[in-house]
Amino acid sequence: MAIVEAMIDTISLKQARRIALGAQGFGRPAAASVGTRQLGGLIRRLGLLQLDSVNVFERSHYLPAYARAGAYDKAELDRLTFAQKGQHVEYWAHEASVIPLDTWPLMRWRMDRYRRQAMIDGSHWAHDNRPLMDWLLAALADEGPLPARAIEHDANKRSGPWWGWSDVKRGLETLFRWGDVVSAGRTRFERTYALPQQILPRNVLEREVPAHEAHKLLLEQAARAHGVGTASDFADYFRLKAADVLPALHELAEENILRPVAVEGWGRHAWMHAEARIPRTVSATALLSPFDPVVWERARVERLFGFRYRIEIYTPQPKRVYGYYVLPLLLDDTLVGRVDLKSDRQNGLLRVQAAWSEASAPPETAARLAPLLVRTAAWQGLERVEVMARGNLAAAVAAELGCYAHTP
């Protein structure tokens with residue numbers, strides 16, 4: 001499809017930010033209470049919740065709902081996302097993620113691709129461990145959904161060259177990637193494994209979606225969740241390849257689901273979803289998980305917000321610039337700072353390890369951040385906030401809280 005430049009609308013960078021945040025569920029009227037209906041609607045809007053094991057402040061998948069809707073009962077989200085035979089299941093969507101059940105069939109092409117790649121690669125672990133994988137499938141068939149540790153315990157009673165803790169886990173994860181095994185929820189964040197027919201409803205199991213159609217549906221979901229973005233932005237949402245995305249993108253444009261736009265300062269083709277709206281304002285005060293969809297794609301964050309963000313979890317401590325678990329601070333439609341948080345559950349403290357503001361941050365940044373920290377501590381079941389004297393915003397935040405910034 002040829003793009004006729006004269007027909008393309010131009011939107012400002014500020015409008016693009018508001019479109020993107022509105023599409024992500026920011027700026028909506030606060031609900032009187034946040035329950036399963038609101039949480040389910042949020043997952044549907046986002047398309048997925050990324051999972052991550054780091055728990056220094058809070059596990060990542062709990063944070064997008066808190067950033068958008070405020071305090072809620074995390075047990076409600078657990079029941080919604082980790083229930084056996086519920087409305088959600090896990091798969092490698094962006095990274096390991098919770099997705100709605102009806103998205104699972106759209107990932108079959110990826111499962112098949114993982115299997116084909118393994119079979120082509122003669123050095124792949126699966127070639128030498130087929131007996132173990134067959135035994136794992138038989139164990140799940142006989143005993144039903146099980147966590148890896150239960151299967152490992154049974155494996156350790158047996159003999160054979162393939163038995164062992166790491167092999168059992170690796171086998172389960174390989175089968176999970178191939179779609180031969182699915183997640184049957186989590187307990188204390190430990191995944192339970194099951195055969196698909198033990199967990200998934202028949203309509204999901206029997207739904208066959210050709211690869212091109214699946215790419216098109218995933219791309220449309222990504223575009224709706226972005227509001228506005230480039231082809232590479234949309235592709236990254238579900239980790240799609242450009243060769244698969246571009247034909248689907250142009251089909252969606254021909255069907256008027258997407259329309260080409262020019263975003264001020266981007267210097268590249270962009271697209272806007274037909275359902276996207278340009279909010280007049282976005283009112284928000286939120287800390288974003290490092291794995292929040294708003295900040296997933298670092299190049300997009302810089303292009304959209306002028307905010308350079310990197311996760312420093314895996315950076316050696318002496319080389320960290322801002323801290324360990326650093327959350328970007330969103331005020332209205334702008335990323336204005338970053339806060340390194342830690343939940344000290346033993347002492348009932350929410351520790352602000354560091355607090356930084358951008359040069360463009362408004363004067364009221366500390367005044368808006370401080371009450372958010374108090375609310376966040378309460379949501380975490382912590383009694384108070386302690387601020388460490390690290391970062392150019394730390395002293396002002398401590399002053400707003402009526403305390404001193406402690407020397408690290």
(request) Using atom types as modelled and distance alone, determine if a side-chain donor or acceptor of R345 lies under 3.5 Å from a backbone N or O of Q380. (result) no
N/O donor-acceptor pairs under 3.5 Å from side chains in residues 179-188, not counting sequence neighbours:
{"unit_1": "D180", "atom_1": "OD1", "unit_2": "R115", "atom_2": "NH2", "d": "2.9"}
{"unit_1": "D180", "atom_1": "OD2", "unit_2": "R115", "atom_2": "NH1", "d": "3.2"}
{"unit_1": "D180", "atom_1": "OD2", "unit_2": "R115", "atom_2": "NH2", "d": "3.4"}
{"unit_1": "S183", "atom_1": "OG", "unit_2": "E90", "atom_2": "OE2", "d": "3.3"}
{"unit_1": "S183", "atom_1": "OG", "unit_2": "G185", "atom_2": "N", "d": "3.2"}
{"unit_1": "R186", "atom_1": "NE", "unit_2": "E90", "atom_2": "OE1", "d": "3.4"}
{"unit_1": "R186", "atom_1": "NE", "unit_2": "E90", "atom_2": "OE2", "d": "2.7"}
{"unit_1": "R186", "atom_1": "NH1", "unit_2": "F189", "atom_2": "O", "d": "2.8"}
{"unit_1": "R186", "atom_1": "NH2", "unit_2": "E90", "atom_2": "OE1", "d": "3.0"}

(request) Please lay out, stage by stage, how M111 and R177 fare under the test side chain to side chain contact (heavy atoms under 4.5 Å, CB included). (result) CA-CA 6 Å; M111 300 168 194; R177 282 178 175 269; over 6 Å; no
(message) Under a 3.5 Å distance rule, please check whether S289 uses its side chain to pair with a backbone N or O of F291 as donor and acceptor.
(response) yes
(message) Can you tell me how far apart OH (Y193) and CG (L140) are? Round to the nearest 0.5 Å.
(response) 10.0 Å
(message) Which heavy atom of A16 sits nearest to which heavy atom of V263, and what is that distance?
(response) CB-CG1, 3.8 Å
(message) Just checking Y237 against W296, ring centres under 6.0 Å apart?
(response) yes
Identify every side-chain donor-acceptor pair in residues 356-367 under 3.5 Å, counting partners at least two apart or on other chains, and give the distances.
{"unit_1": "W356", "atom_1": "NE1", "unit_2": "Y322", "atom_2": "O", "d": "3.2"}
{"unit_1": "E358", "atom_1": "OE2", "unit_2": "R338", "atom_2": "NH2", "d": "2.8"}
{"unit_1": "T365", "atom_1": "OG1", "unit_2": "P362", "atom_2": "O", "d": "2.7"}

(request) Check step by step if side chain to side chain contact (heavy atoms under 4.5 Å, CB included) holds for V339 and F57. (result) CA-CA 11 Å; V339 183; F57 161 54; over 6 Å; no
(message) Using the side-chain hydrogen bond (donor to acceptor under 3.5 Å, both in side chains) criterion, which residues pair with D233? Sequence neighbours excluded.
(response) T230, R300, R303
(request) Report the distance from atom NZ of K342 to atom CG of N55, rounding to the nearest 0.5 Å. (result) 11.5 Å
(message) If you apply the rule side chain to side chain contact (heavy atoms under 4.5 Å, CB included), what do you find for Q197 with R202, and how did you get there?
(response) CA-CA 8 Å; Q197 59 268 30; R202 178 176 293 181; over 6 Å; no
(request) Could you tell me which residues satisfy salt bridge (charged side-chain N to carboxylate O under 4.0 Å, His left out) with E383, sequence neighbours excluded, listed by chain and number? (result) none
(request) Please report the closest heavy-atom contact between A235 and V245, naming both atoms and the distance. (result) CB-CG2, 3.6 Å
(message) Run the side-chain hydrogen bond (donor to acceptor under 3.5 Å, both in side chains) test against R390 and tell me which residues pass, sequence neighbours left out.
(response) none
(message) Can you tell me how far apart CD1 (I278) and CZ (R18) are? Round to the nearest 0.5 Å.
(response) 7.5 Å
(message) Any salt bridge linking E76 with R79? Criterion: basic side-chain nitrogen under 4.0 Å from a carboxylate oxygen.
(response) yes
(message) How long is the straight-line distance from CE of M272 back to CD of Q15, given to the nearest 0.5 Å?
(response) 8.5 Å
(message) Taking the six-membered ring for Trp, are H226 and F234 closer than 6.0 Å centroid to centroid?
(response) yes
(request) If a pair satisfies side-chain hydrogen bond (donor to acceptor under 3.5 Å, both in side chains) and one of its residues is in residues 207-220, list it, with sequence neighbours excluded. (result) H212-E251, H215-D244, K216-E251, K216-E255, E220-R224, E220-H273
Atom pairs and distances, donor-acceptor, side-chain atoms in residues 37-44, under 3.5 Å, two or more places apart:
{"unit_1": "Q38", "atom_1": "OE1", "unit_2": "G35", "atom_2": "N", "d": "2.9"}
{"unit_1": "R44", "atom_1": "NH1", "unit_2": "D102", "atom_2": "OD1", "d": "3.2"}
{"unit_1": "R44", "atom_1": "NH1", "unit_2": "D102", "atom_2": "OD2", "d": "3.3"}

(message) Less than 4.0 angstrom from a charged side-chain N to a carboxylate O is my criterion; do D344 and R384 meet it?
(response) no
(message) Given 3.5 Å as the limit, does a donor-acceptor pair link the side chain of W92 with the main chain of S97, or not?
(response) no
(message) Just verifying a value: how many Å separate L329 CG and L393 CG, rounded to the nearest 0.5 Å?
(response) 8.0 Å
(message) So, using side-chain hydrogen bond (donor to acceptor under 3.5 Å, both in side chains) as the criterion, who are the partners of K14 when residues are at least two apart?
(response) D333
(request) Examine distances only and state if a side-chain atom of R277 and a backbone atom of I19 form a donor-acceptor pair shorter than 3.5 Å. (result) no
(request) Hey, could you give me the CE/OH distance between M107 and Y114, rounded to the nearest 0.5 Å? (result) 9.5 Å
(request) Apply salt bridge (charged side-chain N to carboxylate O under 4.0 Å, His left out) to D121 and list each qualifying residue two or more places apart in sequence or on a separate chain. (result) none
(request) Give the minimum heavy-atom separation between L132 and D167, together with the two atoms involved. (result) CD2-O, 3.4 Å
Please output the side-chain donor-acceptor pairs of residues 61-69 that fall under 3.5 Å, not counting sequence neighbours, one pair per line with the distance.
{"unit_1": "Y62", "atom_1": "OH", "unit_2": "D78", "atom_2": "OD1", "d": "2.6"}
{"unit_1": "Y62", "atom_1": "OH", "unit_2": "D78", "atom_2": "OD2", "d": "3.2"}
{"unit_1": "Y66", "atom_1": "OH", "unit_2": "T376", "atom_2": "N", "d": "3.2"}
{"unit_1": "Y66", "atom_1": "OH", "unit_2": "T376", "atom_2": "OG1", "d": "2.9"}
{"unit_1": "R68", "atom_1": "NE", "unit_2": "Q24", "atom_2": "O", "d": "2.6"}
{"unit_1": "R68", "atom_1": "NH1", "unit_2": "P64", "atom_2": "O", "d": "3.1"}
{"unit_1": "R68", "atom_1": "NH1", "unit_2": "D292", "atom_2": "OD2", "d": "2.8"}
{"unit_1": "R68", "atom_1": "NH2", "unit_2": "Q24", "atom_2": "OE1", "d": "2.8"}
{"unit_1": "R68", "atom_1": "NH2", "unit_2": "D292", "atom_2": "OD1", "d": "2.9"}
{"unit_1": "R68", "atom_1": "NH2", "unit_2": "D292", "atom_2": "OD2", "d": "3.4"}

(request) Using the test side-chain hydrogen bond (donor to acceptor under 3.5 Å, both in side chains), find all partners of R130 that sit at least two apart in sequence or belong to another chain. (result) D134
(message) Please determine whether side chain to side chain contact (heavy atoms under 4.5 Å, CB included) holds for the pair R368 and D332, giving the CA-CA distance in whole Å, both sets of side-chain angles, and the decisive distance to 0.1 Å.
(response) CA-CA 11 Å; R368 291 179 65 176; D332 301 329; 3.1 Å; yes
(request) Return each pair, listed once, that meets side-chain hydrogen bond (donor to acceptor under 3.5 Å, both in side chains) where at least one residue sits in residues 307-321; pairs must be two or more places apart or across chains. (result) E302-R310
(request) For residues V98 and H88, report the shortest heavy-atom separation together with the two atoms involved. (result) CG1-CB, 3.7 Å
(message) Please check this pair: side chain of D73 against backbone of A75, looking for a donor-acceptor N/O pair closer than 3.5 Å.
(response) yes
